[in-house]
Every structure is written in C-alpha cells, then in structure tokens.
Amino acid sequence: MDDIPTATFQTSSAPTGRPSYPPQLLLKLWLFGYLRRTFSGRKLVQMANENLVMRWFIGPNLAIPSYRTFNRFRSNPKTLRLIEGLFRAFRDYLTMIGLFNNSALFIDGTKILADANKYTFVWRKSIEKAEPKLDDKTASLYQELLNYQVSVPHFSPQKCALTSAELIKLTTNLTLAINSLTEKST
C-alpha cells in the first residue's frame with residue numbers, strides 16, 4: 001500500500017467542516033478487515049478498538065473512524081474509481097518489477113452458484129441421466145476424429161502424468177490436425 005503513488009489517492013475535501021479521514025488509511029483498514037473476514041462497518045470499528053494491528057495502522061494522532069465513515073467510504077462512487085485506479089497501479093507495479101507481463105492475460109469466468117435450494121441444486125438423478133448422453137457425445141466426437149484420420153494418442157494407464165514437453169507436442173499436433181480439417185471443410 002505504501003508503494004502506491006499518492007496521486008492515486010487524491011480526493012477533494014470540503015472547505016468547511018471536519019477534515020476527511022485519509023482514504024489510504026480507510027482502504028488499509030478496510031482491506032485488513034476483509035483479510036480477517038470482517039465485512040460489517042460496526043465490526044470493523046469494534047476490531048479497530050480491540051486489535052493492536054488496526055490501532056497501529058491508525059496511529060496515535062487519529063481517532064478511530066465511526067462505522068458510518070467506513071460505510072460511506074465503501075458505498076461512495078469515488079471509492080469505486082479509486083479501486084479501479086489502484087488495480088491499474090498495482091498491475092503496472094507488478095509489470096515494472098517483472099512479476100507480470102502482457103504476453104498472456106486470462107480472466108477466470110467460472111461462475112459458482114452460492115445458494116443451493118431445491119431449484120438450483122443439482123440432483124444425482126439428473127447427473128446420472130445426463131452422463132450417458134455425455135458419454136455418447138464423447139464417443140461420437142472420438143469416432144469423428146478417427147474418421148478424419150486424426151491420430152489420437154493412446155496413453156498407458158501406468159503413465160498418468162505428462163511432461164510439459166509432451167503436452168506441448170500433443171497440443172501442437174492436434175492443433176495442426178484441426179486446422180487442416182478446418183481448411184478442408186471450407
């Protein structure tokens with residue numbers, strides 16, 4: 001957090017009234033609370049009162065922020081822009097120190113349903129009913145590959161793990177075969 005440029009945290013405060021709480025500090029406290037699985041504003045304040053690390057973050061000169069301060073900071077549209085800017089700054093920082101490059105960038109699109117009820121739960125019977133269809137599709141795809149004379153490698157059961165060189169060779173061969181079939185069909 002301390003390596004992030006202070007220009008990222010620039011906020012405008014009102015000319016009158018009490019000075020605003022530093023957004024760097026609120027973000028530190030907020031992230032520390034999330035690391036400790038504390039998501040509520042009131043519990044963050046309770047944690048700030050009881051936890052020595054949170055008190056160390058706040059320092060001796062600042063008062064503990066109220067739960068309203070945490071919640072307003074969290075729901076403020078400026079905070080969303082701040083988080084986006086920090087994400088970009090963090091990505092640039094990782095690129096600068098060489099831990100990250102732009103040669104390949106992947107975003108995980110996995111969606112996992114969090115609430116299981118009788119409408120969203122996957123029942124055993126539906127899986128057992130769908131499995132033979134999936135097996136048939138797999139067998140037909142395999143047969144189609146054999147019909148097009150694509151050599152599908154057979155692996156012995158004793159050798160389960162492949163080396164990275166073997167995987168690269170296998171994917172290269174299959175990609176070339178698929179590309180040649182695509183060119184033939186067009």
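Just so it is clear, the values below take in all heavy atoms, side chains as well, and ignore hydrogens, waters and symmetry mates.
Taken together through direct or relayed side-chain contacts under 4.5 Å among Ile, Leu, Val, Met, Phe, Trp and Tyr, Tyr34 and Trp56 form part of one hydrophobic cluster. In the hydrophobic cluster analysis, where Ile, Leu, Val, Met, Phe, Trp and Tyr join through side-chain heavy atoms closer than 4.5 angstrom, Ile178 is grouped apart from Ile168. Tracing side-chain contacts under 4.5 Å through hydrophobic residues (I, L, V, M, F, W, Y), one never reaches Leu170 starting from Leu176; they form parts of separate clusters. Phe39 and Leu31 fall within a single hydrophobic cluster, where Ile, Leu, Val, Met, Phe, Trp and Tyr are joined by side-chain heavy atoms under 4.5 Å apart, directly or via other members.
Evaluation of the side-chain contact (heavy atoms from CB on, under 4.5 Å) rule for Arg81 yields Pro77, Lys78 as partners, not counting sequence neighbours. Judged as a side-chain contact (heavy atoms from CB on, under 4.5 Å), and not counting sequence neighbours, the contacts of Leu25 are Tyr21, Pro22, Leu29, Phe57, Leu62. Checked against ring-ring contact (aromatic ring centres under 6.0 Å, His included), Phe70 has no partners two or more places apart in sequence or in another chain. Partners of Ser66 according to the side-chain hydrogen bond (donor to acceptor under 3.5 Å, both in side chains) rule, which considers only residues two or more places apart in sequence or in another chain, are Thr69. Taking the side-chain contact (heavy atoms from CB on, under 4.5 Å) definition, one finds that Ile64 meets it with Val45, Ala48, Asn49, Arg55, Ile58, sequence neighbours left out. By the side-chain hydrogen bond (donor to acceptor under 3.5 Å, both in side chains) test, Arg42 pairs with Tyr67, sequence neighbours left out.
Between the side chain of Thr38 and the main chain of Lys43, no donor-acceptor pair closer than 3.5 Å is present. Put simply, the side chain of Asn179 gets close to the backbone of Thr175: a donor and an acceptor are under 3.5 Å apart.
Partner Lys169 forms a side chain to side chain contact (heavy atoms under 4.5 Å, CB included) with one of Thr171, Asn173, Thr172 and no other, that one being Asn173.
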>> Before you tell me yes or no, could you show the steps for Gln46 and Glu50 under side chain to side chain contact (heavy atoms under 4.5 Å, CB included), namely the whole-Å CA-CA distance, both residues' side-chain angles and the distance that decides it to 0.1 Å?
In response: CA-CA 6 Å; Gln46 180 184 3; Glu50 297 171 354; 3.4 Å; yes
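Crowding of Arg74 atom CZ: a count of heavy atoms from other residues, nucleotides or ligands under 6.0 Å exceeding 12.
Side-chain contact between Ile83 and Leu27 is present, with heavy atoms from C-beta onward closer than 4.5 Å.
Smallest separation of non-hydrogen atoms from Ala177 and Ser180: O-OG, 2.8 Å. Of all heavy-atom pairs between Gly33 and Leu44, the closest is CA-CD2, 3.5 Å.
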